[in-house]
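Here the structure is laid out as structure tokens; the discussion comes afterwards.
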Amino acid sequence: MSTVKVDEIFNHAFVSVTKKLTSVELDKDTGKEVEDDIKYKELVYTKGKFSSTIICEFSDRAFKNIVSAMYGGNMPPDDMQILYINEYVNIVCGRALSEINNITGVSARLTVPSFHHIDEKIKKDEKEKSKFNLEYKTDYGMIKVSVYYIFEK
């Protein structure tokens with residue numbers, strides 16, 4: 001499976017799931033100038049034949065938009081906001097991983113997403129050689145996704 005194909009699978013998952021959950025259309029080729037600093041970071045791994053480290057970064061506006069949309073239009077209490085962004089990342093990455101598993105016939109599982117401070121360093125598996133980035137700029141903030149991966153034999 002080529003880097004382009006994995007990139008397309010993750011892009012499709014982010015675009016379709018975000019549209020369904022938040023009504024926001026993501027387009028990685030908008031060319032929009034968005035002055036939104038990245039403030040939040042989520043991390044999830046896949047284990048198995050498709051091994052990966054997935055880092056999702058969100059601006060404050062994107063984070064709040066996703067969380068409030070998933071909560072029904074309002075912001076949940078502070079202690080629940082991380083649960084909602086974790087669930088969003090779980091749904092999006094789960095959709096992408098299911099498609100990769102179906103297309104390739106491999107077996108891989110998703111770990112539970114975890115929230116990290118933006119300046120925290122993320123440890124990735126040194127064997128994950130392939131990498132791609134997705135960047136979405138919208139009127140509702142910015143989302144950046146970095147995926148490091150390898151298909152195990």
Query - side chain to side chain contact (heavy atoms under 4.5 Å, CB included) involving Asn133 - partner list, sequence neighbours excluded - result: Lys131, Ser146

Query raised in the report: Run the side-chain contact (heavy atoms from CB on, under 4.5 Å) check on Thr104 and Phe151 step by step: do they pass?
Result: CA-CA 10 Å; Thr104 63; Phe151 282 95; 4.1 Å; yes

**Report entry** Any side-chain heavy-atom pair of Val6 and Phe132 under 4.5 Å
**Finding:** yes

**Report entry** salt bridge (Lys or Arg N to Asp or Glu O under 4.0 Å) involving Glu25 - partner list, sequence neighbours excluded
**Finding:** Lys19

Query - Atom pair CZ (Arg109) and OH (Tyr45), whose distance is rounded to the nearest 0.5 Å - result: 14.5 Å

Query raised in the report: Looking at side-chain heavy atoms only, is the closest gap between Leu26 and Thr138 below 4.5 Å?
Result: yes

Report summary line: Those residues at least two apart in sequence (or on a different chain) that pass ring pair (Phe, Tyr, Trp, His ring centres under 6.0 Å) with Tyr140 are none

Query raised in the report: Should Leu21 and Ile66 be marked as a side-chain contact (heavy atoms from CB on, under 4.5 Å) after you check the CA-CA gap, both sets of side-chain angles, and the distance that decides it?
Result: CA-CA 8 Å; Leu21 293 177; Ile66 291 166; over 6 Å; no

Report summary line: The side chain to side chain contact (heavy atoms under 4.5 Å, CB included) partners of Ala13 (sequence neighbours excluded) come to Val92, Arg95, Ala96

Query raised in the report: Do Phe58 and Val89 have side chains that get closer than 4.5 Å, going by heavy atoms?
Result: yes

Requested in this report: Quick one: closest heavy-atom pair of Phe115 and Asn86, and the distance?
Outcome: N-OD1, 4.0 Å

Query - Distance, nearest 0.5 Å, that separates CG of Asn101 from NZ of Lys49 - result: 12.0 Å

Report summary line: OH of Tyr71 to CG of Leu83, rounded to nearest 0.5 Å, is 11.0 Å

Requested in this report: Please name the pair of heavy atoms, one in Ser52 and one in Thr46, separated by the smallest distance, quoted to 0.1 Å.
Outcome: OG-OG1, 2.6 Å

Report task. Write down the atom of Glu42, the atom of Pro113, and the distance for their closest heavy-atom approach. Result -> OE1-CB, 3.5 Å

Query raised in the report: Going by atom types only, do Thr18 and Tyr88 share a side-chain donor-acceptor pair under 3.5 Å?
Result: yes

Query raised in the report: Mind checking what makes side chain to side chain donor-acceptor pair (under 3.5 Å) contact with Thr22, not counting sequence neighbours?
Result: none

Requested in this report: Could you tell me which residues satisfy side chain to side chain donor-acceptor pair (under 3.5 Å) with Ser114, sequence neighbours excluded, listed by chain and number?
Outcome: His116

Query raised in the report: Going by the salt bridge (charged side-chain N to carboxylate O under 4.0 Å, His left out) test, which pairs reach into residues 63-86, not counting sequence neighbours?
Result: Asp60-Lys64

Query - Euclidean distance, Ile54 CD1 relative to Leu97 CG, rounded to 0.5 Å - result: 7.5 Å

Query raised in the report: NZ of Lys41 to CD of Glu57: how many Å apart, nearest 0.5 Å?
Result: 5.5 Å

Query raised in the report: For Asn11, what residues pass the side chain to side chain donor-acceptor pair (under 3.5 Å) criterion, not counting sequence neighbours?
Result: Tyr136

Query raised in the report: Is any side-chain heavy atom of Ile38 closer than 4.5 Å to a side-chain heavy atom of Lys144?
Result: yes

Requested in this report: Taking the side chain as every heavy atom from C-beta outward, state whether Ile118 and Asp37 have any atom pair closer than 4.5 Å.
Outcome: no

Query raised in the report: Are the side chains of Glu120 and Leu43 in touch, meaning some heavy atoms are under 4.5 Å apart?
Result: no

Query raised in the report: How long is the gap from OG1 on Thr111 to CG on Asn90, to the nearest 0.5 Å?
Result: 9.0 Å

Query - Counterpart residues, side chain to side chain contact (heavy atoms under 4.5 Å, CB included), relative to Ile150 (two or more places apart) - result: Ser51, Lys127, Glu128, Glu152

Query raised in the report: With a 4.5 Å heavy-atom cut-off, do Phe10 and Tyr149 have their side chains touching?
Result: no

Report task. Using the test ring pair (Phe, Tyr, Trp, His ring centres under 6.0 Å), find all partners of Phe14 that sit at least two apart in sequence or belong to another chain. Result -> none

